[in-house]
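Have a look at the structure below before the remarks.
Every heavy atom of this structure was used, including side-chain atoms; hydrogens, water molecules and symmetry mates were not.
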Number of protein chains: 2
Amino acid sequence: MAQTPAESQEKRTVGGGNGRHGRAAYDLEAVLDITVAAFNERGYDATSMDHVASRLGTSKSAVYYHASGKADLLRLGLERALDGLEGVLKLPGAQRGAADERLKFVLREAVLVLIDRLPYVTLLLRVRGNTDVERDAMARRREFDRQVSLLIDEARSDGSLRTDIDARTLTRLLFGMINSIVEWYRPEGPLSREQVADDVIAVAFDGLHAS
Amino acid sequence: MAQTPAESQEKRTVGGGNGRHGRAAYDLEAVLDITVAAFNERGYDATSMDHVASRLGTSKSAVYYHASGKADLLRLGLERALDGLEGVLKLPGAQRGAADERLKFVLREAVLVLIDRLPYVTLLLRVRGNTDVERDAMARRREFDRQVSLLIDEARSDGSLRTDIDARTLTRLLFGMINSIVEWYRPEGPLSREQVADDVIAVAFDGLHAS
DNA sequence: GTCTATATACCGATAGAC
DNA sequence: GTCTATCGGTATATAGAC
């Protein structure tokens, strides 16, 4: 279960020209989409390479052509989530302005990334640390969380956040609320990504009470 | 992976008198405690019966004496969580009084159950519905969630909760915050169970903003 | 009530044909 | 680039001794 290096495959679209057999061919992105969906539905450990292959309408060997193994598919999926989240911290809005404004900006953008890369972030949030691939991803995620909690500390020092509850608990409840979106949000549902982001920020900062 | 009926074993304490071999004997509760801890650390699917046995310092066969199989251990663990949560709704404080007071009571008691039965509720919240045992547990959990969201609807109609965000989203964000406790709360840490319950209620109803 | 040994099945991964 | 066939390992579960 050690981490294996990625080998970049060439791009190829579903149904495009391919080898001499009659089957549709997939590029790595298509394989990854279906694989991550399967991981999320059944759990990583409970999903066999045969499951993945059968959902792709192909064989195990074809999957092994695109990725070096099951751990590699997991790693590639987790990377997509982490790249997105880390990208939020690099945006200008995360680096300039008052602490509470930067905090709101980062939380809002994080919600949008979570929704735009829903399957990948879902996978990330369910990782338990059983393998090197999972532990590496968890380390990157913890670093992201730490950066956000630094922002929360700043906003707290500014007097923008309540001080009757300790910062650590505040951070955790906030992340709990945001991360739970992966458990219920469906892109085909009635809520737009912006609506969810607005609602989360509103509830997080002002609570459930009627104003 | 079908659901198997439980066979109630007699109680027996660790290290108590037992069969003729030198090993310590366990009662079902002790087996279950260690099994559920293993399920939570490694994930249910990734935890083999050999893992469980070795954490108990015994053999696979000894585990099979106490439970009819891996699915049975899961079922028994999930029952402990669900019995606790459903018990909250039967308490007098959940049935009499103003809607917003009943809501706060139920949420507070749910947090306390979550903490008191932390490993079992953790297991429940990670179930994905791959087997009959998991699907049965998820159905019971959904019914609990539904009862609480009825309370939220009532409190909303009373004018106690904000109406600029739809009830469904409000419910989900609230549960997200509460359920996330299993990801970080440790009984040996600095926060008492009552402190966590107070903090959750405070943040949920009044938000993060300084008052 | 716990042990060792084993039946049976499925897992991830690879070989080699086409 | 995908196929079938298979390797070696590990899984759940059981049999039978003590």
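Side-chain N/O atoms of A:Thr58 include one lying less than 4.0 angstrom from OP1 or OP2 on D:dC3. Between B:Ser59 and the phosphate of C:dC3, there is a side-chain N or O to OP1/OP2 separation shorter than 4.0 Å.
Taking each heavy atom of A:Met49 and A:Gly69 in turn, the nearest pair found is CE-C, 4.0 Å. A pairwise comparison of heavy atoms in A:Lys60 and A:Ala53 identifies N-CB, 3.4 Å as the closest pair.
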Please output the side-chain donor-acceptor pairs of residues 183-191 of chain B that fall under 3.5 Å, not counting sequence neighbours, one pair per line with the distance.
{"from": "B:Trp184", "atom 1": "NE1", "to": "B:Ser180", "atom 2": "O", "distance (Å)": "3.3"}
{"from": "B:Tyr185", "atom 1": "OH", "to": "B:Leu191", "atom 2": "O", "distance (Å)": "2.7"}

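A side-chain donor from one of A:Asp33 and A:Tyr120 sits under 3.5 Å from a side-chain acceptor of the other.
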Polar-atom pairs under 3.5 Å, protein N or O versus N or O of nucleotides 8-13 of chain C: list them with distances, or write none.
{"from": "C:dG12", "atom 1": "OP1", "to": "A:Thr47", "atom 2": "O", "distance (Å)": "3.3"}
{"from": "C:dG12", "atom 1": "OP1", "to": "A:Lys70", "atom 2": "NZ", "distance (Å)": "2.9"}
{"from": "C:dG12", "atom 1": "OP2", "to": "A:Met49", "atom 2": "N", "distance (Å)": "2.7"}
{"from": "C:dG12", "atom 1": "N7", "to": "A:Lys60", "atom 2": "NZ", "distance (Å)": "3.2"}
{"from": "C:dA13", "atom 1": "OP2", "to": "A:Tyr64", "atom 2": "OH", "distance (Å)": "2.8"}
{"from": "C:dA13", "atom 1": "OP2", "to": "A:Lys70", "atom 2": "N", "distance (Å)": "2.9"}
{"from": "C:dA13", "atom 1": "O5'", "to": "A:Tyr64", "atom 2": "OH", "distance (Å)": "3.2"}
{"from": "C:dA13", "atom 1": "N6", "to": "A:Lys60", "atom 2": "NZ", "distance (Å)": "2.6"}

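Counting distance only, with no hydrogens placed and no angle test, the side-chain atoms of B:Ser61 and the base atoms of D:dA13 include no donor-acceptor pair under 3.5 Å.
One distance of note links CD of A:Glu86 with CD of A:Glu79; it measures 10.0 Å at 0.5 Å rounding.
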